[in-house]
Enquirer: 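This structure is in structure tokens; I'll ask about it shortly.
Remember, it's 1-based here, ligands and their atoms both numbered in the order they're listed.
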Amino acid sequence: MSPADVPALLTAGLLEGGAHALRLGAPEALPWLQGQERVTFARVGVVDPRDPDDYVDHGGMRGLGRALAMEPSDVVAEVTASGLRGRGGAAFPSGIKLRTVLDTPADQKYVVCNADEGDSGSFADRMLMEGDPFLLIEGMAIAGWAAGANDGFVYIRSEYPDAIATMRSAIAAAETRGWLTGPGATGGVLGSDFVFRVHLRVGAGAYICGEETALMESIEGRRGVVRAKPPLPAIQGLWGKPTVINNVLSLAALPSVLAHGAGFYAALGHERSRGTQVVQLAGNVARGGIVEVPFGVTVRQIVEQWGGGTASGRPVRTVQVGGPLGAYLPPEQFDLPLDYEAFNAAGALLGHGSIVVFDDTVDMAGMARFAMEFCAAESCGKCTPCRIGSTRGVELIDKIAAGVEREKNIDVLLDLCEVMADASLCAMGGFTPLPVRSALRHFTDDFHRTATDATDLTDPNGATV
Ligand SMILES: Cc1cc2nc3c(=O)[nH]c(=O)nc-3n(C[C@H](O)[C@H](O)[C@H](O)COP(=O)(O)O)c2cc1C
Ligand code: SF4
């Protein structure tokens, strides 16, 4: 809706429940919102996000209260038993990360919340911060207690002004309430001795600043360039200190794990992917938005049952799952369950859980080109396969589309993908081959469409291209 719709809605009796074409009704009355398992998003859309009392009235702060009554090591054991894995893309077990930081001796440790959310089609971090910011603050405090960290940083991209404003006001309210230690204060969290401060940092919006080591470079005031690993951030992270760095949704899952117990969380899910996945539906889809479901639900269910197919009404040709570095799935793969291992086995990536839908008018050679172009634009430049390979990839796809020595150039492109996948320093260059290879494998015809077989094309210097 737009602001211009508001007077008509009010005239129609919006506040009294009056009928209007734009008034869809209560969420319980909408069939396509049913069948979800809202754990992380249980309060979003229900509470006033800036009101700490509303948060407590809806079950907030119970997880932190229970955690502070436990030994840090027991909190880590609870998180490990829940089966929680990182939601930022790599699906690394959260308990192991906490354990590593807890067991690494240091005078200072940090918790960093990765709220850079650069993936195309992703918006769950933003919605969580705008809709339930205290949940993230509570999750960060639990992580701080478990790992022995007294300072936390939330790193948010500058394109998220509402999330930044909401987080700022929530941090201030939490400090006033004694849920966090305020600037200059020495008091502990919830009346305990545990001092925990949360600071907010705004990034300029480079995709690579979502990569954990580049993000820490950025917080430290340098250009976002990837650091070689090891050492892992859990051993030497922010300012060289042991650091728990987690995605917004990983940290926001901790209060539920602690409040309801590891068993509650571990009971949801599929195989080694436990708990819920917050799926973000975008692109050419009839009903875009967030759907929170246990792992194990299939891509087809998400796209058809919740998404309602394409917005254009044309057949779905493909979906890209997991952001710009994710594979394109053809309809034959739509029965894949949301499960990290199942996706890996299919040469795909679940990533941060975004699903971008395309109808049958999409040109997949163009999408493969876009993947290489995106990598060329966003590469931090530190390693050759990514920095130079991506530009060569764009050129190769242009030649293939123009019909220049097509078969030979497809072979070179596949060879280039292998080099990028095997030799890139981080997943930026390492995963860019996923969308390219999947487009080539499943939509081969699109690379042969403009067959001019113009092997006699010449460049401006007269050499054969
Ligand atoms: C190019 C690139 C971009 C990334 N962007 C994000 C991001 O925006 N948000 C995020 O949480 N993780 C992102 N990651 C993953 C992080 O490096 C890291 O794995 C994550 O923050 C760890 O948190 P988790 O264990 O909770 O998933 C990115 C990784 C790469 C290689
Ligand atoms: S793969 Fe790309 S983004 Fe990652 S370190 Fe190498 S150049 Fe930088």
Side-chain angles (χ1 to χ4, degrees), residues 40 79 84-98 100-101 111-126 128-129 136 139-140 143 153-157 159-160 203 205-218 223-229 232-234 237-238 243-254 275 277-278 280 322-326 340 349-354 371-372 374-391 393 419-434:
T40 303
V79 175
L84 178 66
R85 291 164 73 178
R87 299 293 193 253
F92 190 79
S94 300
I96 295 181
K97 208 177 265 189
L98 286 172
T100 310
V101 177
V111 173
V112 174
C113 170
N114 188 341
D116 194 57
E117 197 164 55
D119 283 356
S120 40
S122 283
F123 43 87
D125 295 350
R126 176 173 67 78
L128 195 282
M129 290 186 287
L136 178 57
M140 290 181 71
F153 286 84
V154 188
Y155 184 88
I156 313 184
R157 54 177 40 235
E159 289 97 328
Y160 280 1
Y207 184 70
I208 199 58
C209 284
E211 195 281 336
E212 54 189 13
T213 61
L215 186 156
M216 291 186 293
E217 287 286 300
S218 174
R223 187 161 74 91
V225 175
V226 172
R227 297 178 185 169
K229 287 188 271 191
L232 293 171
L238 197 57
T243 302
V244 179
I245 178 160
N246 274 130
N247 174 250
V248 171
L249 301 183
S250 321
L251 291 164
L254 294 179
Q277 172 72 56
V278 179
Q280 302 125 84
L325 311 178
Y340 294 117
L349 178 76
L350 192 46
H352 188 43
S354 65
M372 286 290 188
F374 181 79
C375 182
E378 299 292 341
S379 166
C380 84
K382 182 154 180 165
C383 67
T384 315
C386 169
R387 184 185 69 245
I388 296 182
S390 51
T391 296
V419 172
M420 287 177 73
D422 292 348
S424 294
L425 185 58
C426 85
M428 175 86 224
F431 284 0
T432 292
L434 282 186

Enquirer: Quick one: are M140 and V154 in side-chain contact, heavy atoms under 4.5 Å?
Expert: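 Yes, side chains in contact.
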Enquirer: Which residues pass the ring-ring contact (aromatic ring centres under 6.0 Å, His included) test with Y340, not counting sequence neighbours?
Expert: F295
Enquirer: Anything under 3.5 Å between an N or O on ligand 1 and a protein N or O? List each pair with its distance, or write none.
Expert:
unit_1: ligand 1; atom_1: 5 (N); unit_2: G210; atom_2: O; d: 3.4
unit_1: ligand 1; atom_1: 8 (O); unit_2: E117; atom_2: N; d: 3.0
unit_1: ligand 1; atom_1: 8 (O); unit_2: G118; atom_2: N; d: 3.3
unit_1: ligand 1; atom_1: 9 (N); unit_2: N114; atom_2: OD1; d: 3.3
unit_1: ligand 1; atom_1: 11 (O); unit_2: N114; atom_2: ND2; d: 3.4
unit_1: ligand 1; atom_1: 11 (O); unit_2: N247; atom_2: ND2; d: 2.8
unit_1: ligand 1; atom_1: 12 (N); unit_2: N114; atom_2: ND2; d: 3.1
unit_1: ligand 1; atom_1: 14 (N); unit_2: G210; atom_2: O; d: 3.3
unit_1: ligand 1; atom_1: 17 (O); unit_2: E212; atom_2: N; d: 2.9
unit_1: ligand 1; atom_1: 21 (O); unit_2: N114; atom_2: ND2; d: 2.9
unit_1: ligand 1; atom_1: 23 (O); unit_2: N247; atom_2: N; d: 3.2
unit_1: ligand 1; atom_1: 25 (O); unit_2: K97; atom_2: NZ; d: 2.8
unit_1: ligand 1; atom_1: 25 (O); unit_2: N246; atom_2: ND2; d: 3.2
unit_1: ligand 1; atom_1: 26 (O); unit_2: N246; atom_2: ND2; d: 2.8
unit_1: ligand 1; atom_1: 26 (O); unit_2: N247; atom_2: N; d: 2.8
unit_1: ligand 1; atom_1: 26 (O); unit_2: S250; atom_2: OG; d: 2.6
unit_1: ligand 1; atom_1: 27 (O); unit_2: R87; atom_2: N; d: 3.4
unit_1: ligand 1; atom_1: 27 (O); unit_2: G88; atom_2: N; d: 2.7

Enquirer: Verify, without hydrogens or angle tests, whether R87 (side chain) and R85 (backbone) share a donor-acceptor contact under 3.5 angstrom.
Expert: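 Flag set: sc R87 to bb R85 pair under 3.5 Å.
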Enquirer: Kindly indicate whether the side chain of I208, heavy atoms from C-beta on, has any atom under 4.5 Å from the side chain of E378.
Expert: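 A side-chain contact is absent here, since even the closest heavy-atom pair is not under 4.5 Å.
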Enquirer: Between the main-chain N or O of G322 and the side-chain N or O of H352, is there a donor-acceptor pair closer than 3.5 Å?
Expert: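 Between the backbone of G322 and the side chain of H352 there is no qualifying donor-acceptor contact (under 3.5 Å).
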Enquirer: List-wise, which protein N, O or S atoms are found short of 2.8 Å from atom 8 (Fe) of ligand 2?
Expert: C380 SG
Enquirer: Under a 4.5 Å cut-off applied to non-hydrogen side-chain atoms, are T40 and L128 in contact?
Expert: yes
Enquirer: For the side chain of E211 and the backbone of M428, is there at least one donor-acceptor N/O pair under 3.5 Å apart?
Expert: no
Enquirer: Looking at A124, is its backbone amide N or carbonyl O close enough to the side chain of E117 to form a donor-acceptor pair, meaning the two atoms are under 3.5 Å apart?
Expert: yes
Enquirer: What pairs with Y207 under ring-ring contact (aromatic ring centres under 6.0 Å, His included), at least two apart in sequence or on another chain?
Expert: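 Partners of Y207 by the ring-ring contact (aromatic ring centres under 6.0 Å, His included) criterion, ordered by chain and then number, come out as F374.
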